[in-house]
Amino acid sequence: QVQLVESGGGLVQAGGSLRLSCAASGRLFGLNVMGWYRQAPGKQRELVATISSVGSPVYADSVKGRFTISRDNAKNTVYLQMSSLKADDTAAYYCNVRNIVFGRRDDYWGQGTQVTVSS
């Protein structure tokens with residue numbers, strides 16, 4: 001089993017920056033994807049950014065150019081550097097890990113960390 005611990009959420013003014021961290025414990029396979037999703041009140045959860053164990057970052061169009069995802073494989077930790085924050089970025093942010101092996105995908109989720117951007 002994989003457990004994820006998120007940190008870094010908080011309150012920030014529009015135009016400001018924030019950095020989220022997610023540390024994974026347990027078994028992570030060699031091929032895996034770590035990423036961030038977010039869910040605002042009354043909306044569905046949406047992808048923010050993902051990055052595989054060998055790179056290949058993927059960003060939602062809404063955050064491209066403003067957010068940067070990175071990871072430290074030695075620490076099994078993924079980061080999300082958020083800049084030029086907007087009120088629309090306000091949401092609960094969830095860390096995700098997907099193990100990929102033998103044609104199977106196993107997903108694990110963090111509890112979420114709240115990001116609130118004031119205008």
Tyr108-Tyr93 co-clustered via ILVMFWY side chain contacts under 4.5 Å: yes
Close side-chain approach of Arg45 and Trp109, heavy atoms under 4.5 Å: yes
Distance (rounded to the nearest 0.5 Å) between Leu18 CG and Gln13 CD: 12.5 Å
Residue list, side chain to side chain donor-acceptor pair (under 3.5 Å) with Arg71, at least two apart or on another chain: Asn32, Asn73
4.5 Å side-chain heavy-atom contact, Ser53 and Leu31: yes
Closest contact, heavy atoms only, Val78 versus Cys95: CG1-SG, 3.8 Å
Pairwise disulfide bond (SG atoms under 2.5 Å apart) hits with a residue in residues 24-71, at least two apart: none
Joint hydrophobic cluster, Tyr37 plus Met82, side-chain heavy atoms closer than 4.5 Å: no
Arg104 bridged to Asp106 by N-O distance under 4.0 Å: yes
Arg38 to Tyr94, cation-pi by 6.0 Å centre distance and 45° axis angle: no
Any side-chain heavy-atom pair of Leu80 and Thr68 under 4.5 Å: no
Worked check of ring-ring contact (aromatic ring centres under 6.0 Å, His included) between Trp36 and Phe67: CA-CA 11 Å; Trp36 293 92; Phe67 292 9; over 10 Å; no
Value rounded to 0.5 Å, distance of OG1 in Thr113 from CG in Leu20: 6.0 Å
Spacing of CD belonging to Gln81 relative to OG belonging to Ser70, to within rounding of 0.5 Å: 8.5 Å
Side chain proximity check, Leu47 to Tyr59, heavy atoms < 4.5 angstrom: no
NZ/NE/NH1/NH2 to OD/OE distance under 4.0 Å, Asp89 and Lys86: no
side-chain contact (heavy atoms from CB on, under 4.5 Å) assessment of Val33 paired with Ile51: CA-CA 6 Å; Val33 179; Ile51 184 168; over 6 Å; no
